[in-house]
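Here the structure comes first, spelled out in structure tokens, and everything after it is commentary.
Counting starts at 1 for both ligands and their atoms, in listed order. This chain uses plain numbering: 1 for the first residue, then up along the sequence.
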Amino acid sequence: MAVSVVVSGACQVGDRPADDSGRMTSSAIAVSGLRKAYKDKIVLDCIDLDVRAGTVFSLLGPNGAGKTTTVNVLTTLLKADGGTVRVAGHDVATEAKAVRAAIGVTGQFAAVDELLTGQENLQLMVDLNRGASNNGRRIVTDLLERFDLVESARKSASTYSGGMRRKLDLAMTLVGNPRIIFLDEPTTGLDPRSRRTMWSIIRDLVADGVTIFLTTQYLDEADQLADQLAVLDQGRLVAQGTPDELKRQMPGTHVRLRFTTVAELDAAARIFPDSTRDDEALALRVPSDGGTKSLRALLDRLDEYSLHAEGFTVHTPDLDDVFLALTGHTTEVVAK
Ligand SMILES: Nc1ncnc2c1ncn2[C@@H]1O[C@H](COP(=O)(O)OP(=O)(O)OP(=O)(O)O)[C@@H](O)[C@H]1O
Ligand SMILES: [Mg+2]
């Protein structure tokens, strides 16, 4: 599938699939022409999404892009102003109960009750989830083990670290064995090790056939986990595709050479005519496939001209480059 770069503008009704497309395909989630505004501020502007069952779909965007608003509409917590949303084949506007029965949601802010222990939090979910109550104790024990929370199971959740709280929160979401799970920034604020633990939990769920709808601000996370991703910027989808498809849109791998003087930068720019220069950083960006052969040739050429590069890095395009190219700003810019 080719990358679709979405052109912003009014919803074109004719461009969208029919309302009941969610029933016809193996879509776990089908969103068409979704709009939401708070007073006169448009927060979601004509969003179309399609998430195949048993895959990870990642919605990527900076603060304020509209990720949580999207999750809230898809999980029936918020009413849309326009468009259709089908989750597990059910319309969120008219069949909210059926949608809720099919999904699990781990919100951006943990829903853990601080006054209860980890075990009690899980037991509470089991009790609320009537279908699971027959072997409730077993479910709690399994989840505590699976999430490595056995040792702290009897401690108050208020004593848990951020990572433990996130894990408990996700464990609570899994009590009813949902087939579609929404995770809103599940790894924000986690240290690298806890992030990796969360990633492996997500991969295990997908291996079991669960569909994951994941929002994140981390481009590497979407790159690692997602089968498909969509980039949201100020309420508009600016691109959709696989991580590789989006990366292919970008200028390729290059070598960045940093020099100490303008004279050296000038000389290097002359011997690498395809390069682009960054005068402020005294750096030169030379296109390269990043392979050892071409890197050796590049260094030999510098030697030949007695040029010494102070810094030498091989740069493979990542999703940060994609974001910058699609939106004109990096993910650090707050899109308000
Ligand atoms: N209840 C509300 N009333 C008014 N505006 C709101 C409300 N909720 C969200 N917004 C606005 O909608 C926009 C999108 O917010 P949203 O929470 O969906 O962003 P986000 O992508 O989840 O951001 P973050 O990464 O910070 O969680 C923001 O401009 C926000 O200020
Ligand atoms: Mg959010």
Note to self: So if I count the atoms of ligand 1 from 1 in the order they appear, which ones are less than 4.0 Å from some heavy atom of T69?
What the structure shows: 14 (C), 15 (O), 16 (P), 18 (O)

Check: Where does K39 meet ligand 1, judged by heavy-atom distances below 4.0 Å: at the side chain, the backbone, both, or neither?
Finding: neither

Note to self: Under a 4.0 Å threshold between the charged nitrogen and the carboxylate oxygen, would D279 count as salt-bridged to R277?
What the structure shows: yes

Notebook entry, point to check: Under 3.5 Å between some N or O of ligand 1 and some N or O of A65?
Noted result: yes

Check: Touching ligand 1 at all, G66? Heavy atoms, strictly under 4.0 Å?
Finding: yes

Notebook entry, point to check: Hey, are E120 and R154 close enough for a salt bridge, meaning a charged N less than 4.0 Å from a carboxylate O?
Noted result: no

Check: Within 45° of the axis and under 6.0 Å from the centre of the six-membered ring of F147, does NZ or CZ of R166 qualify?
Finding: no

Checklist line | For Q217, atoms of ligand 1 separated by under 4.0 Å from a heavy atom | finding: 25 (O)

Notebook entry, point to check: So does T68 have any N/O/S atom less than 2.8 Å away from the Mg ion (ligand 2)?
Noted result: yes

Next item on the list: Just let me know how T68 lines up against ligand 1, side chain, backbone, both or neither, with a heavy-atom cut-off below 4.0 Å.
Entry: both

Next item on the list: Report yes or no: does a heavy atom of P62 sit under 4.0 Å from some atom of ligand 1?
Entry: yes

Note to self: Please evaluate residues D208 and R203 with respect to the criterion salt bridge (Lys or Arg N to Asp or Glu O under 4.0 Å), reporting the C-alpha separation (whole Å), side-chain torsions for both, the decisive distance (0.1 Å), and the verdict.
What the structure shows: CA-CA 9 Å; D208 283 346; R203 288 195 183 104; over 6 Å; no

Next item on the list: Look at atom 14 (C) of ligand 1 and find which of G64, A37, G61 reaches it with the closest heavy atom.
Entry: G64

Notebook entry, point to check: Do D45 and R236 meet the salt-bridge criterion of a basic N to acidic O distance under 4.0 Å?
Noted result: yes

Next item on the list: Identify the heavy atoms of T242 and D227 that sit nearest to each other, and give their distance.
Entry: CG2-O, 3.4 Å

Next item on the list: Examine ligand 1 and decide if any of its atoms is less than 4.0 Å from a heavy atom belonging to K41.
Entry: yes

Margin query: With side-chain contact (heavy atoms from CB on, under 4.5 Å) as the test, pick out the partner of V31 among D48, T70, L74, L44.
Written below: L74

